[in-house]
Structures are given as structure tokens and as C-alpha cells.
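In this text, all values refer to a predicted model and were calculated from it rather than measured experimentally. A note on names: the letters A, B, ... follow the listed sequences, proteins ahead of strands, and every chain is numbered from 1.
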Amino acid sequence: MQACGTTTSLVKLPQSSPLLPSFVFTKLQSSNTEGDFPTVLTHKGVSVTLENNSVWKQFHSCTTEMILTKQGRRMFPYCRYRLSGLEPTRMYSLFLSIVPVDQYKYRWSNSKWEPSGVAEHYNQGLFRAFSHHYSPSQGSALMTSLVSFYKLKLTNNMNDQEGHIILHSMHRYIPRLHVIPVVDGEISLPDKLAFMGPECLTFIFPQTEFMAVTTYQNFRITQLKINHNPFAKGFREEGSCSRLNRIITEVRHVAKAGDPIPDVKSEPNIPLVYRKRWSFTSETSLPVKQISLEVCFIY
DNA sequence: TCTCACACCTTTGAAGTGG
DNA sequence: CCACTTCAAAGGTGTGAGA
């Protein structure tokens with residue numbers, strides 16, 4: 001595949017349809033459906049397969065969360081596609097945009113996500129899209145290798161100049177893949193809006209929807225990230241439920257006699273939220289660990 | 001809710017070595 | 001020259017404390 005100079009180009013999308021356009025699902029023919037989620041989407045003869053569908057499904061079952069940081073944080077899982085049905089000799093540009101799913105802002109309450117007001121992005125005029133680092137490339141090249149957007153970073157910095165995707169924390173988003181045939185002799189420049197024209201093919205996999213956060217809210221998402229992301233391997237521990245067992249052990253050590261401590265081994269589905277804080281007593285200056293338990297769904 | 005420093009990890013590429 | 005190994009730097013993680 002031929003690498004091009006435009007590695008992490010930035011595109012501004014018109015706000016013609018800020019929310020998830022319903023026509024996308026109805027127009028697309030889906031096949032190879034696993035559960036309720038399509039693994040392959042076909043539109044105008046072009047097929048796109050979500051390669052890491054099984055991972056996305058695992059995360060989606062817990063409501064996927066993606067961390068936003070000021071300097072930009074990569075997505076995990078990231079969007080990885082396989083394309084087919086392209087014209088082998090034609091040039092195509094690939095973009096990934098991330099758009100709001102609805103008009104709500106959310107909060108994590110009682111171990112579930114619930115709307116807490118009107119979305120901030122509702123008044124935002126433009127959305128950014130991320131150009132794939134091999135874009136544009138010949139159709140033949142795009143079909144012989146996987147198309148991964150692992151370089152894409154998410155940020156909550158509204159003044160970001162690095163080309164990261166700017167999102168609002170505690171809002172729901174979904175990635176959209178845009179496949180745009182390049183007009184003969186004309187390279188699609190990132191500052192052109194023409195790629196949203198009739199030849200632009202847009203693919204949306206509902207299982208890639210996620211909640212943007214600055215700190216993980218759902219313990220199960222944290223555990224999935226640690227288990228699947230190689231960069232988080234340092235937080236893995238041996239044995240099943242080891243992370244939760246360590247927490248329970250810690251709670252047992254600190255809890256007073258008579259406090260109800262859940263038995264994680266006899267009740268593997270026990271709901272649990274764990275919070276801890278360190279403080280210092282004035283008399284001894286020794287650290288005192290303060291731990292509280294909330295019974296709600298976690299494990 | 002957000003930011004930051006931190007330890008721990010993977011990835012990457014340069015330098016060194018041997019056939 | 002090529003293949004392989006070693007090593008250090010760069011960068012990606014979640015954690016936990018503090019604002």
C-alpha cells in the first residue's frame with residue numbers, strides 16, 4: 001500500500017445531520033449478522049467488514065467507554081475494517097468521523113447510564129473527521145490489507161491543534177467510515193467538503209457506539225480494557241476474578257466486625273462498587289484507609 | 001468531573017554482532 | 001550484505017490523589 005503525505009489530516013464536516021442519520025441502516029444491506037449486530041455492511045456494491053467485531057461486541061454489552069484527555073487518547077478497541085468491492089485501479093480516500101448518537105448528556109448513576117440534560121454538542125457547528133494515514137490509495141491496495149484507525153486520538157480540548165477528534169465528556173458517540181472515490185486527477189484535500197457528496201459511501205456499525213468519559217465509570221469496562229489492550233498489560237493479574245478478589249480482601253482487612261462483606265466466590269454475580277480514599281489522622285500521621293461499599297451491579 | 005504525575009508495559013528503531 | 005539480537009527511548013496504559 002502506498003503511503004501518502006497526508007497522514008493525519010483533519011476535515012470539518014458540515015452539520016447537515018449531526019445525529020445518527022437513520023437512513024444509513026435502512027439503506028445498507030447487512031449480512032453475517034452476529035446477534036443484533038452486522039459484521040458486514042454492503043452499499044452500492046462496496047462491502048465493509050468490522051474485523052474486530054467480537055471485541056467490540058464484548059465492550060458494547062457493558063456500554064463501551066472511551067477516555068478523553070487534553071493531549072489526546074487512542075481509542076480501544078479501535079476501528080479496523082476490511083474492504084471489498086472497490087474498483088481496483090481507482091483511488092479512494094478514507095475518513096472516519098465520530099458523531100453524536102443523540103441529543104442528550106449522560107451521567108453514571110446507580111451503575112447505569114441515564115440522560116441528565118441536553119447535549120452540549122447540539123450547538124456545535126462543525127465536526128471533525130480523521131483521514132486514514134494511507135489515504136488516498138488504490139482500491140486494490142485497500143482491499144488486500146486491513147484498514148485500521150489506531151492512530152486516531154480523542155480529546156476534550158476544544159482548542160486542539162493536533163488534529164485529534166474533539167468530543168464532549170459524558171456524551172454518546174458513534175464512528176462513521178467514509179469511503180470517497182477520488183475524482184480523476186484531483187486529490188481530495190482535507191479542507192474540502194465535497195467528499196460528503198453523492199459518491200461518498202458511509203458505513204456505520206452500531207456495536208462501535210461508545211460513551212466519551214474522562215474517567216472510567218463502569219468497572220467492567222476497565223477490566224475489559226486491561227484484559228484486551230496490550231499496553232494495559234501491567235494492570236493484569238493472574239487468576240480469574242483476581243482484581244475483584246484483591247478488592248474484597250482489602251475490604252475485609254479494613255471493615256469493622258459486623259459489616260456485611262459479599263462473598264465473591266460463592267456469589268460470582270454479586271453487584272459491587274468499590275471506592276477508597278486515603279486520609280491522615282492528626283495524632284499519628286499514619287495513613288488510614290477509608291473504604292466504602294455500595295451494592296450495585298459491577299461484576 | 002477533571003487533570004496530572006506515576007509506574008508499568010509495548011513498540012520502535014538504532015547499534016552491535018556474526019555468518 | 002543480510003539476518004538476528006540487544007538495548008534505550010518514545011509512547012500508550014490505568015491508577016490514585018488532589019482540585
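Taking atom OH on Tyr216(A) and atom C1' on dG16(C), their separation rounds to 15 Å, with Å as the unit. Across the protein-nucleic acid pair, Met211(A) atom CE and dT1(B) atom P stand 11 Å apart, rounded to whole Å. Rounded to whole angstrom, the span from the CZ atom of Phe76(A) across to the P atom of dG14(C) amounts to 9 Å. When rounded to the nearest whole Å, the span between CG of Leu167(A) and P of dC2(B) equals 12 Å. Straight-line distance from the CZ atom of Phe235(A) to the P atom of dC6(B): 15 Å, rounded to whole Å. Between Tyr78(A) atom OH and dG11(C) atom C1' there is a gap of 16 Å when expressed in whole angstrom units. As rounded to whole Å, 16 Å separates atom C1' of dA7(B) from atom CZ of Phe231(A). Atom pair His228(A):NE2 and dT10(B):C1' shows a separation of 17 Å (rounding to whole Å applied).
The aromatic ring centres of Phe149(A) and His132(A) sit less than 6.0 Å apart.
The residue among Tyr150(A) and Met170(A) whose nearest nucleotide of DNA chain B lies closer to the 5′ end is Met170(A). Projected onto DNA chain B by closest heavy-atom contact, Gly234(A) and Val213(A) fall at different nucleotides, the more 5' of which corresponds to Val213(A). Nearest-nucleotide assignment on DNA chain C puts the 5′-proximal partner with Lys225(A), out of Lys225(A) and Thr215(A).
For Asn156(A), the listed nucleotide lying nearest its side chain is dC2(B); candidates were dT1(B), dC2(B), dT13(C). In the set dC2(B), dT1(B), dG12(C), the nucleotide with an atom closest to the side chain of Lys153(A) is dG12(C).
Ser109(A) is linked by a side chain to side chain contact (heavy atoms under 4.5 Å, CB included) to Arg107(A), Glu114(A), counting only residues two or more places apart in sequence or in another chain.
Side chains of Ser148(A) and Arg80(A): a donor-acceptor N/O pair is absent below 3.5 angstrom, by distance only. Between the side chains of Gln207(A) and Asn53(A), at least one donor-acceptor pair of N or O atoms lies under 3.5 Å.
At dG14(C), none of the side-chain N or O atoms of Lys233(A) fall inside 4.0 Å of OP1 or OP2 (strictly under the cut-off). Side-chain N/O atoms of Asn229(A) include none lying less than 4.0 angstrom from OP1 or OP2 on dC9(B).
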Validation: residues 70-79 of chain A side-chain donor-acceptor distances under 3.5 Å, sequence neighbours left out:
none

### Step-by-step side chain to side chain donor-acceptor pair (under 3.5 Å) determination, Arg172(A) to Tyr104(A)
CA-CA 8 Å; Arg172(A) 285 170 75 197; Tyr104(A) 299 113; over 6 Å; no
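Contact check on Glu209(A) versus Lys57(A) returns no salt bridge, with no Lys/Arg side-chain nitrogen under 4.0 Å from an Asp/Glu carboxylate oxygen.
DNA chain C is contacted by Arg73(A), Arg74(A) of residues 61-74 of chain A, taking any non-hydrogen atom closer than 4.0 Å.
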